[in-house]
Amino acid sequence: MGFNLQNLETALQAGRKYRYLPFSLHFFESVSSTNQTLWNLLNQEAISGTVVIATQQSAGRGQWGRQWISPIGGLYVSVAISFHHKIEATNSYQLTFATAWGIASQLRQHGIDVGIKWPNDLVLNGRKLGGILTETKVNKGQITQAVIGVGINWTNPVPETGINLESWQASQDSRPISCLEMLTSRVLLGIESGIECLEQEGVNILLSRYLELFTNMGDRVCVNNLSGTVVGVTLQGNLRVDLETHDTKELITPEIYIEPGTISLGYHKSSV
């Protein structure tokens, strides 16, 4: 069954509360990567709000240069965004937080209990439902343009730590997301609402909303042979960890910040 852009347009029209991004939709059966395809379009004068959707990626990109396996049946989408307010290059993770919170809250409105795993994963029943890859262009220390790529497991096969939305829906009483086009509309509306929150309400409000859906709070981690507890995330995207160290007879818990990519938190069964 092919992807129906008209169905997506209809779902977007029905769901939009505001028009923050002028969505311009481009659909491809297969691309090397939706992010790369979108950068190519931007080099040909495409505008903010341009969207690339594909049913398959031959060279999908994940975090830190990893390959993102992208079989048929998943949703692979990238959105171009230019900024009204300046965002420091060091704060690029705020775009990932905005996207994760926006998509998770959209799906939760449909009864799908999605949480956020640091730094960029969407989780359902403690397993990975999707991931986000934010790429930016920077000029003089400021982000001028961003491409936000999202992959969501829909009907595609997944590893043991993953979950796809259709298999989860099959175990529920209802099927709130009826088709891939509807899922795509929820993802696009989520990105739009997250970026709108960041730009209009500010990063502190965005981060507080992100932390409400954050599944790693209280996780035990080991850093340099010391054990610690996850207590939050900084505005720059670093993990906040309280370490436990003994100074003579006293237990002290200095807080340290861990950059994304430094440690992996793994997956565990949990509910948000």
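Just so you know, these numbers use all the heavy atoms, side chains as well, and skip hydrogens, waters and symmetry mates. Everything quoted here is computed from the prediction, not taken from an experiment.
- Residue pairs satisfying the salt bridge (Lys or Arg N to Asp or Glu O under 4.0 Å) criterion with at least one member in residues 46-55, sequence neighbours excluded, are absent.
- Among residue pairs with one or both ends in residues 220-231, those qualifying as salt bridge (Lys or Arg N to Asp or Glu O under 4.0 Å) are R220-E244; sequence neighbours excluded.
- In terms of the side chain to side chain contact (heavy atoms under 4.5 Å, CB included) criterion, residue partners of Q6 (sequence neighbours excluded) are, by chain and number, N4, E9, T10.
- Taken together through direct or relayed side-chain contacts under 4.5 Å among Ile, Leu, Val, Met, Phe, Trp and Tyr, M182 and L124 form part of one hydrophobic cluster.
- Applying the side chain to side chain contact (heavy atoms under 4.5 Å, CB included) test to I205 and every residue at least two apart in sequence or in another chain returns C197, E201, R209.
- With sequence neighbours excluded, no residue forms a side-chain hydrogen bond (donor to acceptor under 3.5 Å, both in side chains) with T161.
- Under a 3.5 Å cut-off, the side chain of T136 and the backbone N or O of V138 do not form any donor-acceptor pair.
- By the side chain to side chain contact (heavy atoms under 4.5 Å, CB included) test, K137 pairs with W39, N43, T144, Q145, sequence neighbours left out.
- With hydrogens and angles left out, the side-chain atoms of Q44 and N40 include no donor and acceptor closer than 3.5 Å.
- Between F28 and H26, the ring planes are parallel. Angles under 30° get that label, and only those over 60° would be called perpendicular.
- Among residues two or more places apart in sequence or in another chain, the side-chain hydrogen bond (donor to acceptor under 3.5 Å, both in side chains) test is passed with T34 by Q57, S78.
- Partners of Q109 under the side-chain hydrogen bond (donor to acceptor under 3.5 Å, both in side chains) rule, at least two apart in sequence or in another chain, do not exist in this structure.
- Residues meeting the salt bridge (charged side-chain N to carboxylate O under 4.0 Å, His left out) test with E88, sequence neighbours left out: none.
- Here I256 pairs with V223, V241, L243, I258 under the side chain to side chain contact (heavy atoms under 4.5 Å, CB included) rule; sequence neighbours left out.
- Judged by distance alone, with hydrogens and angles left aside, the side-chain atoms of Q169 form a donor-acceptor pair with the main-chain N or O of I177 at under 3.5 Å.
- For residues 103-156, no pair satisfies ring-ring contact (aromatic ring centres under 6.0 Å, His included), with sequence neighbours left out.
- For F27, the ring pair (Phe, Tyr, Trp, His ring centres under 6.0 Å) partners two or more places apart in sequence, or in a different chain, are F3.
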